Amino acid sequence: MLDVEGSGVERFQVEPTKIVTMDFDLAMTLDCGQVFHWEPSGDGFVGTIGEQAVFVEQRGDLLRVASASSRWDNEQGQDARATVARYFALDHPLREICASFPNDPAMNAARDFCRGLRIIRQPKWECLASFICSSMKQVAHIRQISHKLRERFGEPRRIRNEVVYTFPSAERIAASSEKELRKCALGYRAKNLLATARQISSGDVDLESPTQLSDTELRARLCDLPGVGAKVANCVMLFAYERLSAFPIDVWIERVLREKYFPRARKLNVARLRAFTEKYFGSHGGYAQQYLFHHARKSRAKTNRKGTHRPFVTVPRVR
DNA sequence: CTCCAGGGATGAT
DNA sequence: ATCATCCATGGA
């Protein structure tokens with residue numbers, strides 16, 4: 001396994017600094033299913049932003065930040081605050097964004113529930129790879145896959161007496177094999193992740209260049225990649241390309257749309273739902289989607305499939 | 001144990 | 001163009 005002590009990479013700690021925030025809820029932002037690798041540490045969280053290991057802790061409107069990285073990665077030193085502020089999109093006008101949401105009961109409930117949730121700016125490859133692995137997986141298991149990929153193929157970073165791992169580059173994944181990837185519980189997704197990594201590492205596809213493409217063109221480019229369909233493409237557009245109108249439709253959102261916006265409707269295929277979401281939720285549809293998603297997931301968790309509360313607590317059977 | 005999950009690719013109507 | 005199946009895996 002990887003030996004942090006003996007890896008030969010010198011590291012240093014940046015002094016903890018503070019960031020003043022407004023309309024930001026760190027825990028909810030990290031727990032809403034848009035990103036999969038942050039872990040609780042003390043009263044905050046540890047994770048990586050690109051190649052940097054980061055600790056973040058929220059106290060009211062204050063964010064305490066500490067970071068560590070390899071020496072040559074961070075010559076400029078104290079820009080951890082700028083890195084964190086950009087990653088968490090603290091510059092998004094959240095008040096205005098929420099005010100732009102449509103005024104209906106489901107949306108209002110979600111907006112109230114998700115106060116302070118921000119759509120973050122993720123590294124493109126990391127986001128793309130994570131969502132290729134997300135197909136037919138629960139959030140908890142995507143987190144497990146992310147962790148295994150990092151542990152096996154990423155680089156260790158020490159932060160606050162803990163070890164976190166960077167997300168492996170496309171080159172590193174491409175140099176792997178389907179067999180190795182399957183050890184990370186990827187199942188049939190291994191083939192897609194490997195094929196996409198190869199297209200990127202070969203230079204055939206550049207994730208950084210298409211930033212000036214239209215949403216439609218960017219979506220088409222992403223859908224050319226193995227394992228990427230409309231849903232995954234929209235997630236990557238929203239979470240990594242800052243296309244805030246992208247509206248991923250997964251099983252949760254489809255359920256919300258059917259129940260809250262089309263109760264008792266026949267002939268409701270995905271195409272019709274898409275037409276509706278694009279005109280109804282507008283230019284910040286991605287934010288609206290994430291609020292609806294998180295609210296549905298967190299409030300449905302304790303109820304059964306019929307949406308009614310369980311009449312009694314189930315007791316584990318003693319064997 | 002059973003159910004189902006931030007779907008996509010493929011082949012059948 | 002729409003619809004049905006299969007694909008692996010493990011958390012709840």
Side-chain angles (χ1 to χ4, degrees), chain A residues 28-38 110 114 117 119-120 122 126-149 178-196 199 219-240 243 246-258 266-275 277 285-307 309-310 313-319:
Chain A
M28 182 146 40
T29 295
L30 294 179
D31 187 43
C32 71
Q34 63 178 323
V35 65
F36 306 102
H37 72 282
W38 292 88
C114 298
L117 195 168
I119 303 293
I120 69 177
Q122 299 187 39
E126 174 181 325
C127 182
L128 171 63
S130 298
F131 278 97
I132 286 176
C133 299
S134 75
S135 154
M136 288 302 293
K137 279 295 181 187
Q138 297 179 167
V139 171
H141 194 219
I142 304 169
R143 296 179 62 89
Q144 181 183 336
I145 290 173
S146 169
H147 180 70
K148 287 184 176 179
L149 285 173
E178 182 177 339
K179 188 175 181 180
E180 286 295 309
L181 292 175
R182 278 177 179 266
K183 292 179 182 176
C184 299
L186 279 174
Y188 62 89
R189 303 157 194 84
K191 187 188 300 288
N192 290 329
L193 181 63
L194 181 60
T196 293
Q199 288 194 28
R219 186 178 297 109
R221 292 289 163 272
L222 291 171
C223 285
D224 285 338
L225 296 167
V228 179
K231 191 270 173 183
V232 169
N234 278 320
C235 284
V236 177
M237 290 172 65
L238 178 59
F239 301 135
R243 304 299 175 104
F247 195 104
I249 298 179
D250 69 330
V251 292
W252 285 94
I253 284 297
E254 182 169 348
R255 196 152 50 212
V256 168
L257 292 176
R258 289 180 185 277
R266 308 281 176 262
K267 295 278 295 175
L268 201 57
N269 54 26
V270 183
R272 286 212 54 204
L273 286 177
R274 168 139 310 288
T277 59
Y287 257 98
Q289 183 273 0
Q290 194 60 23
Y291 277 43
L292 290 171
F293 172 82
H294 185 59
H295 179 50
R297 219 167 64 82
K298 288 303 177 181
S299 58
R300 174 77 77 111
K302 292 187 202 127
T303 63
N304 64 20
R305 209 174 39 207
K306 296 191 184 80
H309 282 81
R310 284 180 176 154
V313 178
T314 57
V315 180
R317 186 149 26 131
V318 180
R319 299 191 295 135

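Computed from heavy atoms alone, side chains included, the values below leave out hydrogens, waters and symmetry copies. The structure displayed is predicted, hence computed values, not measured ones. Here is the naming used below: chain letters follow the sequence lines, and residue numbers restart at 1 for every chain.
- Checked against a 6.0 Å centroid threshold, the rings of A:F293 and A:F247 do not count as neighbours.
- Heavy atoms of A:R272 sit nowhere under 4.0 angstrom from any nucleic acid atom.
- Between A:I253 and A:V228, the residue anchored closer to the 5' end of DNA chain B is A:I253, taking for each the nucleotide with the nearest heavy atom.
- Rounding to whole angstrom units, CZ of residue A:F131 and C1' of B:dA5 are separated by 14 Å.
- Across every strand in view, C:dG11 sits in a pair with B:dC3 that passes the Watson-Crick or G-U test at under 3.5 angstrom.
- With C:dG10, B:dG7, C:dA12 as the choices, the nucleotide that has an atom nearest any side-chain atom of A:A185 turns out to be C:dG10.
- Each of A:Q138 and A:S135 has a nearest nucleotide on DNA chain C; the 5'-most of these lies closest to A:S135.
- One can place CZ of A:R274 at 14 Å from P of B:dG7, the figure rounded to the nearest angstrom.
- One can place CZ of A:R297 at 12 Å from C1' of C:dG11, the figure rounded to the nearest angstrom.
- For A:R255 and B:dA5, the shortest distance from a side-chain N or O to OP1 or OP2 is below 4.0 Å.
- Listed nucleotides: C:dT2, C:dA12, B:dG7. Nearest to the side chain of A:N269: C:dT2.
- As judged by a 4.0 angstrom heavy-atom cut-off over every strand, A:A271 is placed among residues making no nucleic acid contact.
- Closest to the side chain of A:K137, from the set C:dG11, B:dG8, C:dT9, is C:dT9.
- Taking atom NZ of A:K191 as the reference point, atom P of C:dT9 lies 13 Å away to the nearest angstrom.
- In this structure, CG in A:L186 is found 10.5 Å from CD1 in A:I132, a value given to the nearest 0.5 Å.
- Base engagement by A:Q290 is indicated by at least one non-hydrogen atom pair under 4.0 Å involving a base atom.
- Across the strands present, B:dT13 finds its partner in C:dA1; the criterion is a Watson-Crick or G-U wobble pair with both atom distances under 3.5 angstrom.
- In this structure, CD of A:E178 is placed 12 Å from C1' of C:dC7, rounded to the nearest angstrom.
- Remark: P of B:dG8 and CG of A:D224 are 14 Å apart, rounded to the nearest angstrom.
- Note on A:R189: a base of the nucleic acid sits closer than 4.0 angstrom, heavy atoms only.
- Under the 3.5 Å distance criterion, the side-chain polar atoms of A:S146 are left unmatched by any main-chain donor or acceptor of A:I142.
- Distance, A:L128 CG to B:dG7 P: 16 Å, rounded to whole Å.
- For C:dG11 and B:dG8, the C1' atoms lie 22 Å apart once the distance is rounded to whole Å.
- Side-chain atoms of A:R189 come within 3.5 Å of backbone N or O of A:S135 as a donor-acceptor pair.
- Mapping A:K267 and A:H141 onto DNA chain C via the closest heavy atom, the residue that lands nearer the 5' end is A:K267.
- Mapping A:K231 and A:L225 onto DNA chain B by nearest heavy atom places A:K231 closer to the 5' end of the strand.
- OP1 or OP2 of C:dG11 sits under 4.0 Å from a side-chain N or O of A:Q144.
- Closest non-hydrogen pair, A:P248 versus A:L238, comes out as CD-CD2, 4.1 Å.
- When the shell of 6.0 Å around CZ of A:R255 is examined, it contains more than 12 heavy atoms from other residues, nucleotides or ligands.
- The residue A:G229 sits close only to the backbone: its heavy atoms come under 4.0 Å of sugar-phosphate atoms, none of a base.
- Of the candidate nucleotides B:dA5, C:dG11, B:dG7, B:dA5 has the atom nearest to the side chain of A:W252.
- Rounded to whole Å, atom C1' of C:dG10 lies 13 Å from atom OH of A:Y188.
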